[in-house]
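Below: one structure, written as structure tokens.
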Amino acid sequence: MDRGTAVIELENVGYSYGGGELLSDVSIELVPGSFHFLTGPSGSGKTTLLKLCYGALLPTSGQVRVFGEDMRGLDRDQMAMLRRRIGVVHQDCRFLDHLPLADNIALPLTVSGREAEQEGGDLKELMEWVGLSSRASALPPELSGGERQRAALARAVIMSPDVILADEPTGNVDWEMSQRLLKLLVELNKMGKTVLIASHDLALIRAAKSQVSVRVLRITNRKLQLAGADL
Amino acid sequence: MDRGTAVIELENVGYSYGGGELLSDVSIELVPGSFHFLTGPSGSGKTTLLKLCYGALLPTSGQVRVFGEDMRGLDRDQMAMLRRRIGVVHQDCRFLDHLPLADNIALPLTVSGREAEQEGGDLKELMEWVGLSSRASALPPELSGGERQRAALARAVIMSPDVILADEPTGNVDWEMSQRLLKLLVELNKMGKTVLIASHDLALIRAAKSQVSVRVLRITNRKLQLAGADL
Amino acid sequence: MSRGAIRSLFLGDPQAARVVPPSGFTAHLTLFVSGAMAFLTVFALALSLASGRLADRWAEELARSATLRITAPMDQRAAQTEAALKILRQTPGVASARALTKEEQAALLAPWFGADLQIEDLPVPQLIEVIDTDPGYDAAGLRLRLSAEVPGAVLDDHTRWRRPLVDAARSLRRLGWIAILLIGGATAAMITLAANAALSANAQVIEVLRLVGARDRYIAQAFVRRFTLRAFGGAVIGVAFGLAGVLLLPSASDEGGFLTGLGFQGLDWLWPMLIPLLGGGVAFAATWLAAHRALKGLS
Amino acid sequence: MSRGAIRSLFLGDPQAARVVPPSGFTAHLTLFVSGAMAFLTVFALALSLASGRLADRWAEELARSATLRITAPMDQRAAQTEAALKILRQTPGVASARALTKEEQAALLAPWFGADLQIEDLPVPQLIEVIDTDPGYDAAGLRLRLSAEVPGAVLDDHTRWRRPLVDAARSLRRLGWIAILLIGGATAAMITLAANAALSANAQVIEVLRLVGARDRYIAQAFVRRFTLRAFGGAVIGVAFGLAGVLLLPSASDEGGFLTGLGFQGLDWLWPMLIPLLGGGVAFAATWLAAHRALKGLS
Ligand SMILES: Nc1ncnc2c1ncn2[C@@H]1O[C@H](COP(=O)(O)OP(=O)(O)OP(=O)(O)O)[C@@H](O)[C@H]1O
Ligand SMILES: Nc1ncnc2c1ncn2[C@@H]1O[C@H](COP(=O)(O)OP(=O)(O)OP(=O)(O)O)[C@@H](O)[C@H]1O
Ligand SMILES: [Mg+2]
Ligand SMILES: [Mg+2]
């Protein structure tokens, strides 16, 4: 793994919310086209680690480099530009509650000045895939929990970003739907996108393993470890 | 199952959010001390059905009776009183973001005029059980997704209600923690509480089956059916 | 709203108060709106009361509204004066009529001839002060009769000059009250909107409380209490500053007419005290309605 | 804030505008606050300008501030008048001095003796109008000199009577401007608070936008644009109502003095037009700062 090629690179990263240290001495490199799962008990810091990766948090020690650039050195506009290359599925999916679902999914296009109409075909296809075509004009508060998660995933991938970070993207959907979502992520991964998914769902990880070469990272005792093949 | 004894009783209930009918002709009776799971694909109406059970929604047709009383006939204060006998875990757990976690969990005691201090022992024990003792003074926005779910469950059971309705209570927690939560619910069920859990997690349902007599309800094609033993 | 609810509003339930987030911009907004508007109201009130006093004073002076001037040779003057007074007393609408004394006439002429005027030396006309009743007399008829019987009499009707001044003072007072009404209405609307904004910002709080079995009254009270106290407190502060400001204005002086007398006199001081009560009342009603409307949306 | 940002504020980006929720109570609040305060400002402005005009008029009249009265036997009067005029012309601080003509004196005395007065028949003193320069003359010194050289002269200084009235009018004008400043300050504070309240109510919108890669300027602009237009629109409506209200007041009349003349004259009409611009400007600055503060909290 050559340094220059890593999309996201954490080097001796430590993080603390103010109390004791939550993460310490974490180092990973995500190379383009890799597919990682991130596991660990609830409250161990998975969401925190993902936030470090897309710059919502800055490490208290160590360095985070995304696309070769140190996060600490970016100004706010550069950070915005970086976000357009990273698709994020938040654990608590949030939307603009006053815009219909289709507009919400197309929001990354809107804010980056690209015409949503132009990519209308993609949008429709994507909504079809995540099973939300019939809800296109619903407002986000009218969606079920699983529908929200699917919408968040669709919004994360609509710009076809280089990296996809998903935090528990299948916690609220049934098994069949989670297979569909996994398939979408696997397809994107095969197109060269880097994927990092935080999940508790061991069955999902197992299913992914059968389709693509997957690495499983586990947070234990504030450290990040590569989980063995025992899963 | 004698009519008078059912805690929650739905009779030919239909519900529609305005478009087509989402649920139709649903009839169930939850007798005291029963343990039910509710499954069905994402968007099939599980959350809707739970909301009908605790009166957040009123059926568009048919009747819902809780503790023998028709929901439609209750005034707002009676509805509030009823809520104190039903513990609800919302799918998107919401809290009072300005109060520390411990106060949030004790909120049902506070609003019903019972002294939180009096039941301090229970509160502490409960927070210990769901693994949140160390976060007692954190504000809800500072919690991880799984911690929020556990807090919501703790809040739902603190009043030791007669009925516990939980919507996807383990979607964001790891397997071990979900076993702990299940154990809590099973213990409460053994004390005579009625439990209804909406969940996609087949492993959880299987684990529950090994501990207690469980019925699995499934929503398919707008109808509620008792799932076979094939799970 | 039951009496119990009002009572517990002021006694307060520390538990219920805690469930509403303590602060935020709408809180400051309420406090500030209430304060600023109370401050402005104090000034408008001072203006209204001062111009009311002025209008009253001028209106009173207006009652002594006419002067009859008798220019006649010295020897006929007393007789003509008598005749004129008789006619005036018979005229309906004249309340009283009185010949001015020499000293009074001298005082009136002092600006022209100096204070040491010997009025006897001058062929000064005799002046008669005529005070009319409210509907007034028929000036044209009176003139006609006087010209026939008292040829030296000229009726000088001051009403024409003073009436517009009184009207003006009255219109200033009206302007003051209109300003108070406007400020009051605007305050009420702003407090209502702020209460609604705060409640819709706290939709989640209300939802959570309702979910865990809180009764409507408990939820509404927590908000109502907070907003009422905030609006009341803001108004108290605003009134205090407003009164300080009024006191700092140049004080009334006899020479300066009414304009510098923009203050409160006697019982007038009670008026500004009403402002916080009204502000609190508006906040109470607005929040109570807003809370109940917000609650109605939830089961 | 770059020029490009200001330009695009007014050209508008329909896409960016959509990402902010269209309405809600804080929106109405902004519109209403802006409108109500503009309305009040129009009245305060009318009051200030009217009392300013009054003060100017009175101050001007004050310039003709003194009268010299010469009471002397008929044969000495002309000589004494000449002597007094000579002294006055030599006195520093006296701009001009002029003996009144017979007709002018008759007009002044008309209220007392009737318009058909034959002034020659009366031992009326000769009046001299003294107009002083701005710092004024030394009244005591002048009196001393006059008493020595013109024994029949009495200096009657009107300043004493009129000065307080001018002061009063000036203090009313000051009151008006203070009211405008207060109203303006209160409006600015309320709009700032409303903008902050709206932004904190929209924290989720900002967070989501930032998450999907929107730049600060894009987010800030959507809010700034909306609030500026709202405050501007509200102020326009408020000013329109205010002007209508001022027009409906009883119009100025010569007799009524200033009080009924509470209107705008000539170029004064331009002042109220400034209000919406100021309101919009305040909203712009307040929202821009609030938006950037809100954004700073997010990475
Ligand atoms: N307020 C609403 N207005 C209109 N439609 C709604 C509303 N709430 C839910 N729906 C729709 O009703 C359907 C059922 O929603 P519900 O939340 O009950 O599903 P669910 O079974 O809980 O799904 P999930 O497993 O994803 O949580 C969904 O298609 C949803 O979009
Ligand atoms: N803003 C915050 N301030 C203080 N503590 C926080 C904050 N956010 C998270 N934490 C704490 O940091 C720990 C890790 O949180 P994080 O959300 O990263 O966990 P997680 O691994 O994602 O857990 P889960 O599986 O439950 O989502 C938790 O104990 C949480 O309470
Ligand atoms: Mg997490
Ligand atoms: Mg659901």
Side-chain angles (χ1 to χ4, degrees), chain B residues 50-59 64 71-72 74-100 103-117 139-141 148 151-152 154-159 161 165 167, chain C residues 1-5 7-9 11-28 197-227 230 288-299:
Chain B
L50 289 186
K51 283 185 174 167
L52 288 168
C53 291
Y54 66 86
L57 296 174
L58 289 176
V64 177
M71 279 294 200
R72 231 180 264 281
L74 297 181
D75 68 19
R76 296 182 57 83
D77 277 358
Q78 288 174 314
M79 184 69 86
M81 287 310 165
L82 192 114
R83 294 272 168 81
R84 298 181 187 178
R85 301 178 63 190
I86 306 180
V88 179
V89 182
H90 243 286
Q91 192 165 11
D92 55 332
C93 340
R94 298 195 169 178
F95 298 93
L96 301 190
D97 285 348
H98 63 289
L99 289 183
D103 288 6
N104 261 294
I105 292 177
L107 194 63
L109 301 173
T110 310
V111 302
S112 61
R114 281 157 69 179
E115 286 302 314
E117 286 85 51
L139 296 179
R148 288 172 75 87
R155 185 178 67 187
V157 303
I158 185 110
M159 291 272 275
L165 305 175
D167 199 352
Chain C
M1 188 93 207
S2 74
R3 279 183 54 221
R7 187 164 2 98
S8 57
L9 172 73
L11 296 179
D13 173 353
Q15 286 290 10
R18 281 196 70 206
V19 301
V20 178
S23 189
F25 287 108
T26 42
H28 298 149
L199 280 162
S200 66
N202 283 310
Q204 177 168 335
V205 171
I206 298 178
E207 200 177 317
V208 168
L209 287 173
R210 199 60 207 162
L211 180 72
V212 300
R215 271 181 296 178
D216 283 0
R217 186 201 277 187
Y218 182 93
I219 302 172
Q221 220 168 75
F223 284 96
V224 166
R225 188 180 142 80
R226 175 142 316 166
F227 268 85
R230 230 169 242 163
W288 201 80
L289 286 174
H292 279 262
R293 192 169 49 241
L295 282 166
K296 206 157 270 173
L298 291 171
S299 70

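Lettering of chains follows the sequences in order, A, B, ..., and the numbering in each one begins at 1. It should be emphasised that the depicted structure is a prediction, and the values quoted were computed from it without experimental measurement.
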Where on [X] is there a heavy atom nearer than 4.5 Å to chain C: the side chain, the backbone, both, or neither?
X        : result
Arg85(B) : neither
Asp97(B) : side chain
Phe95(B) : backbone

CG on Leu96(B) to CD on Glu207(C), rounded to 0.5 Å
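Atom-to-atom, Glu207(C):CD and Leu96(B):CG are 11.0 Å apart.
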
Can you measure from CG (Asp77(B)) to OH (Tyr218(C)) and round to the nearest 0.5 angstrom?
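Result: 14.0 Å between the selected atoms.
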
Are any non-hydrogen side-chain atoms of Leu209(C) and Leu107(B) less than 4.5 angstrom apart?
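Counting from C-beta outward, Leu209(C) and Leu107(B) do come under 4.5 Å.
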
Within the structure provided, determine whether Arg155(B) and Val208(C) are in side-chain contact (heavy-atom separation under 4.5 Å).
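Sidechains of Val208(C) and Arg155(B): in contact.
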
Heavy-atom closest pair, residues Ala214(C) and Ala80(B):
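It is O-CB, 3.6 Å.
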
So which atom in His90(B) and which in Leu211(C) form the shortest heavy-atom distance, rounded to 0.1 Å?
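Scanning both residues, the minimum pair turns out to be CD2-CD2, 3.4 Å.
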
Please determine which of Met81(B), Met79(B), Arg76(B) meets the side chain to side chain contact (heavy atoms under 4.5 Å, CB included) test together with Arg215(C).
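For Arg215(C), the side chain to side chain contact (heavy atoms under 4.5 Å, CB included) check succeeds only for Met81(B).
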
Arg83(B) side chain vs Arg210(C) backbone, donor-acceptor pair below 3.5 Å
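Side chain of Arg83(B) to backbone of Arg210(C): a pair is present.
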
Below 4.5 Å from any heavy atom of chain B, which atoms of Ile219(C) appear? Answer side chain, backbone, both or neither.
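Interface part for Ile219(C): neither.
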
